[in-house]
Undergrad: 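I have a structure here, written as structure tokens, and I will follow up with some questions on it.
Excluded from the calculations below are hydrogen atoms, water molecules and symmetry mates; all remaining heavy atoms, backbone and side chain alike, are included. The chains referred to below are lettered A, B, ... by the order of the sequence lines, with proteins before strands, and numbering in each begins at 1.
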Protein chains: 2
Amino acid sequence: MNKKRISIWGSTGSIGTQTLDVVRQHPERFKIVNLVAHKNAEIIFNQAKEFRPSCVILTGEVESGWHSRFHDMDVRLETGPEALITSASSGSEDMVVNGLVGAVGLTCTVNAIQAGVNIALANKEVLVMAGDLINSLLRNRHVKLIPVDSEHSAIFQCLQGESPESIRRLILTASGGPFRSRSLDELKHVTVKEALAHPNWDMGAKITIDSATMINKALEIIEARWLFGVSPEQIEVVIHPQSILHSMVEFVDGSLKAQLSVPDMRVPIAYALSWPDRLGLPFGSLDISKLYRLEMIPPDPDRFPALKLAYQVLETGGTAPAVFNGADEAAVKAFLDRKIEFTQITECIMEALNRHQKIDNPSLEQIINADQEARDTVQGFIRLMK
Amino acid sequence: MNKKRISIWGSTGSIGTQTLDVVRQHPERFKIVNLVAHKNAEIIFNQAKEFRPSCVILTGEVESGWHSRFHDMDVRLETGPEALITSASSGSEDMVVNGLVGAVGLTCTVNAIQAGVNIALANKEVLVMAGDLINSLLRNRHVKLIPVDSEHSAIFQCLQGESPESIRRLILTASGGPFRSRSLDELKHVTVKEALAHPNWDMGAKITIDSATMINKALEIIEARWLFGVSPEQIEVVIHPQSILHSMVEFVDGSLKAQLSVPDMRVPIAYALSWPDRLGLPFGSLDISKLYRLEMIPPDPDRFPALKLAYQVLETGGTAPAVFNGADEAAVKAFLDRKIEFTQITECIMEALNRHQKIDNPSLEQIINADQEARDTVQGFIRLMK
């Protein structure tokens, strides 16, 4: 069997390192082509030593000494954001695992699809910002995009062997994050440290904060709409604090399928890498006793207004989802920098959406402009709030 | 679209009437060819009036007046067990829904497969008695056998789009029946009326008693082994009192899929009729609040020895499963006739298994003989117990 050629974008992050964990289990199946990270040269050097990619790309600043160290190892080092854009267009791999965080992953994903490369997508912002555009590119280039998010992987797994017309609704589960049982008033005083401590999943800072505000689930609603071609009314969210049941599909005959596993991202990552096959993995069989108590609780729309926003944004359409996403990125950064309070994250997003004049059927450039405009609006709004 | 031609064996029973409920929802999809029942002429006459089959078969005794009544309706009435055997061999339908109960369904199922007819199987005893033989017939004739049992339908649904090598284990759920919380001592004094009152499912008498003894689950373990080609060690049972989660598959990557629905047999029946499509059905979408509390409890091997017996019977192989099934049918009948106590059902089966000299790779005739021998052993054992 030919090895599948894989590039990892964001190889030093949570998704990237866990992807390498999976590849380490199955060296007979995968060959790493490119490793891409922002600036952590030390970590990516060690990854390169183990996995021997053709090329390492660091999009941030790098001390000059690294070039010769990589050169000595016979691995090409390229630097700067343009290096990723160029590499993405080269089509030198069978699949890209996009573990980037935020809008930064959009252009290079478009390039990779245009180059005919399949995408394992953890970088949900790509679909949130440009779902319609991405879907038409995928169709034109006959390229597959496989979700890595645990919820979307669950739905994707449940839909194997099913036709799209059979779907009645998708039920996304949400852990509810660390503040599931806090009152609206208590939420105001949440600290950065508290918000970064997710009870079930070990993830990066941005997605952990998004989990705490439930904006992550709002992004997932938008992502699901584009991934599975359903209407927004067909998507529901239910709180499931144990993070064992990762999502469900209800079919037109009243039958539901659910996918369950221990909360370990390596399971959906491996599925995206091996689909439609499955890889034997040693990362933990689910102890049936974990199923002794599975809770499902309807979300409280007052405490977590983000969910309602997702449906509004989808109804508005056009550039609105890109504004939603860009505003969230700016607001989360401001929260992490201690410039705004936890509950103000959602307020910033609402402000950006209110100010925006949406554009229908936007081009990639218009989407990127809307994203930037949203970030600017949030900056201005934060200055005003002081 | 051509209508799918369906015959229903056991049309006046629980599976049969529910199959007609499904067909009634989708007259554009299905044409009823033959309706088969034992002797309830009144009910099957009304069914024939509504669904206009070509032929009605009553395998039991019928008053002569019925012939002219069916004749006036332009429906052929045939009678006696041979009429079913002949009809099964005719290949006049695309699919048979076998809703018969017990060993009586074996020969006609073999005939239908040989005639190239697909089988929707509720009559699990067919696979329990002759799994290996049935599987090789299915392969030779390129015929599909789709499970109707809710647990096996759940597994079958979860396996769509998956390869057999991906299966790590199958987890069959069991409601635990009406006596789930009774002590071994209390079980001795169970009455027929108590045993016939199943908490979740509305089923025939035989299967309801089998649920109470957990022998139904033992039969399902054996059925699953042949349906899905797994080894007995890959099959586990877990008690799930709510009967909402109908069974699960764990894959080699640690991912599990489960199928859930309201406990309504029309859901798996419809799936068997429409597979690989799904039919829109109005029989009840699962209220998410039903998921608020899903319990999973390991079964107590002391109180319900039937499960262990299933694994022993599979290990013995050959004619042993047919003996297990035949002895159970005789013992359940004796219990319903108030000749033995509830806990003696399993004792009768053990006696029959102990007395039996198993035959490997048995022919259909040897299987049928083993079944009869088991019934005789149970009769003799019951006489001795008095």
Undergrad: Please determine if A:K124 and A:D149 form a salt bridge, counting it only when a charged side-chain N lies under 4.0 Å from a carboxylate O.
TA: yes

Undergrad: Given a strict heavy-atom distance threshold of 4.5 Å, which part of B:S255 is in contact with chain A: side chain, backbone, both, or neither?
TA: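 Both parts, heavy atoms under 4.5 Å.
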
Undergrad: Does any backbone or side-chain atom of A:Q157 lie under 4.5 Å from a heavy atom of chain B? Answer side chain, backbone, both or neither.
TA: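 Backbone plus side chain of A:Q157, per the 4.5 Å heavy-atom cut-off to chain B.
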
Undergrad: Sub-4.5 Å heavy-atom contacts with chain B: which residues of residues 267-275 of chain A show up?
TA: A:V267, A:Y271

Undergrad: Against chain A, label B:Q259 side chain, backbone, both or neither, depending on which of its atoms sit under 4.5 Å from a heavy atom there.
TA: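 Contact with chain A is through both the backbone and side chain of B:Q259.
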
Undergrad: Please classify the contact between B:R169 and chain A as side chain, backbone, both or neither, with a heavy-atom cut-off of under 4.5 Å.
TA: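 Only the side chain of B:R169 comes within 4.5 Å of chain A.
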
Undergrad: Above 12 or not: heavy atoms from other molecules or residues under 6.0 Å from NZ of A:K3?
TA: yes

Undergrad: Given that the side chain runs from C-beta out, which part of B:E162 has a heavy atom under 4.5 Å from chain A: side chain, backbone, both or neither?
TA: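 Only the side chain of B:E162 comes within 4.5 Å of chain A.
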
Undergrad: Take atom CG in A:D287; do more than 12 heavy atoms of anything else shown fall under 6.0 Å from it?
TA: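 Yes - once you tally the heavy atoms of other residues, nucleotides and ligands closer than 6.0 Å, there are more than 12.
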
Undergrad: If I measure from the heavy atoms of chain B, does A:L279 come under 4.5 Å with its side chain, its backbone, both, or neither?
TA: backbone

Undergrad: Within this structure, what is the NZ-CG distance for the pair B:K4 and B:N118, rounded to the nearest 0.5 Å?
TA: 7.0 Å

Undergrad: Answer yes or no: is there an ion pair linking B:K217 with B:E151, defined by an N-O contact shorter than 4.0 Å?
TA: yes

Undergrad: Pick one of side chain, backbone, both or neither for B:I171, based on which atoms fall under 4.5 Å of a heavy atom in chain A.
TA: side chain

